[in-house]
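For reference, the structure is listed below as structure tokens.
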There are 2 protein chains.
Amino acid sequence: MTDCSHCPVGDSAICAGLSAEALECLGHLGRKQKVRRGQTLVWEGDEALVVANVISGILKLSISTADGREQIVGVVFPSDFIGRPFGKESPHSVTALTDAELCVFTRSAFDGFARQHPDLQNRLLMRTLTELDRARHWMLLLGKKTASERIASLLLEVSDRMGDGAAKAAAGLPEVFEMPLDRQQMGDVLGLTIETVSRQLTKLKGAEMIDLPNRRTVVIQDRARLRNLALAA
Amino acid sequence: MTDCSHCPVGDSAICAGLSAEALECLGHLGRKQKVRRGQTLVWEGDEALVVANVISGILKLSISTADGREQIVGVVFPSDFIGRPFGKESPHSVTALTDAELCVFTRSAFDGFARQHPDLQNRLLMRTLTELDRARHWMLLLGKKTASERIASLLLEVSDRMGDGAAKAAAGLPEVFEMPLDRQQMGDVLGLTIETVSRQLTKLKGAEMIDLPNRRTVVIQDRARLRNLALAA
DNA sequence: CACCTTCATTGACTCAGGTCAACAGTTCAC
DNA sequence: GTGAACTGTTGACCTGAGTCAATGAAGGTG
């Protein structure tokens, strides 16, 4: 069991807003689990035995073709929810991109709890709707955008989801972040190869829209221009 | 208001399983509306004023770049739900591909009703989770599959969602259906141009996996081989 | 510190799918 | 039934991104 009262994501995860009793009860069902970078928690097509809240760390959701081509279909940040409630097999693999800490529930226990708690289901619905919107916008990127437009979109999205880059930029602060994905993974999210990712990053750097002080750090130097590129205008 | 008792999709839409009283109440909020082929009900970015159940007909959900490139992000069939509950602007346009009949609710009335009816929210959650799975599998197609693999995937998906092609095939029946999308729309779902769609269809026909007796009719002649192609094996 | 491994960049070349253009089949109006 | 307007097919050519291969830069390890 878990003590939810000091949970670092307690006010933004799906648990937020539950009554003290409900939270106590949910705490009895969950257990904290650490996973190491690179570790795969769930494999695509496996029975969906667990669901979890992300406490810290970043994970990827991915799907592969029969011959091994992989597409990353989601990137999951702290306070996000992972797993497929109310379904018997997992539609994608879940792999840690960094060391991570999760609050894990067996799916059956979670499903049962959710059925008793409409407010939890409501929050889950909100999140799922948001994820669906995000996935569909990514379909536009994958279906219609050029390589440089894709890279621009990714940089802005990651900047916003990691530390709220837009707000920083608006406040006049420098917009710098650590990219949690390596070049291969960036390619797998964007439907591009590692070489194309590298070339386009170099191009954006040459155009002074971004800077890349080292392999993981990204500085957004000209958000307006990058945003224009991302929107494919 | 609407009489739900004779609704043709009443047992498969989200309304299924509601109590007689709840259904009566929901019926008072909804109204039937006919839309003509080609008509756009909601524009991307507009305030999301309505949600609806599809009674008959087929509609597309689409998103565009600033310079007008369009991606179809969903195709909606009878008994499916459209609109974005609990959100103030629509993330995509909704356009009828055939004449269609809808059961429309104002979003505010629907949201209010849903909040009172956890079982409705639960059904909405199930559907949204399924849609999310579908969208993510489509991301694999858009990011990693070749043109012929995409076409094969689309033909099988439409065959299954229209008249349950898999079941027909298993029962030894001929697998024939009317494709609700024209070549341009097929391209817009698949992230391909109209010419590539046409060429790949001709190729599949030449390989005797399908037949195309006229521009809208598709016959699946060799489901096993088509399926293998779609899985990218 | 030197060595090794891993990850990223760059270059040369190829090719799947896009673009542009001609044409053929359907559908519909009159 | 004839012609006009779409919609789809086919061909020739082009190009953006993929492939293959060499090189370079960063960490990690003993």
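Each chain gets a letter, A, B and so on, in the order its sequence line appears, and its residues count up from 1.
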* Give a yes-or-no answer on whether the side chains of B:Thr95 and B:Gln39 include a donor-acceptor pair shorter than 3.5 Å. => no

* Structure fact -> Whole-Å distance, B:Leu212 CG to C:dG25 C1', equals 14 Å

* Which is it for A:Arg84 and A:Glu47 under the salt bridge (charged side-chain N to carboxylate O under 4.0 Å, His left out) test, yes or no, and what are the steps along the way? -> CA-CA 10 Å; A:Arg84 178 58 162 95; A:Glu47 201 184 345; over 6 Å; no

* Atom CG of A:Leu201 to atom P of C:dC7: distance rounded to whole Å? -> 17 Å

* Given the rule in the salt bridge (charged side-chain N to carboxylate O under 4.0 Å, His left out) test, do A:Glu157 and A:Arg134 qualify, once you have shown the distances and angles that lead to the verdict? -> CA-CA 10 Å; A:Glu157 166 115 5; A:Arg134 211 198 299 283; 3.5 Å; yes

* Structure fact -> Once base and sugar-phosphate atoms are separated, protein heavy atoms under 4.0 Å mark nucleotides 16-27 of chain D, 5' to 3', with B, S and - as -SSBB----BS-

* Are A:Asp133 and A:Thr130 linked by a side-chain donor-acceptor pair shorter than 3.5 Å? -> no

* Structure fact -> Separation of C:dA22 atom P from B:Ile194 atom CD1, nearest Å, is 17 Å

* Grab the NZ-C1' distance between A:Lys203 and C:dA8 for me, whole Å please. => 18 Å

* Asked: Rounded to the Å, how far apart are A:Leu204 CG and C:dT9 P?
  -> 12 Å

* Asked: Have B:Lys145 and B:Ser153 got a donor and an acceptor in their side chains that come within less than 3.5 Å?
  -> yes

* Asked: Between B:Val9 and B:Asp80, is a side chain to side chain contact (heavy atoms under 4.5 Å, CB included) present by the stated rule, with each step listed?
  -> CA-CA 9 Å; B:Val9 296; B:Asp80 285 347; over 6 Å; no

* **Derivation and outcome, side chain to side chain contact (heavy atoms under 4.5 Å, CB included), residues B:Ile82 and B:Val51** => CA-CA 6 Å; B:Ile82 53 184; B:Val51 299; over 6 Å; no

* Could you state the atom-to-atom distance from CG of A:Asp188 to P of C:dA8 in whole Å? => 12 Å

* Asked: Near DNA chain D, under 4.0 Å by heavy atom, which residues of residues 178-185 of chain A?
  -> none

* To do: Would you mind reading off the distance between B:Leu141 atom CG and C:dG17 atom C1', rounded to a whole angstrom?
  => 15 Å

* B:Ser159 and B:Glu175: side-chain donor and acceptor closer than 3.5 Å? -> yes

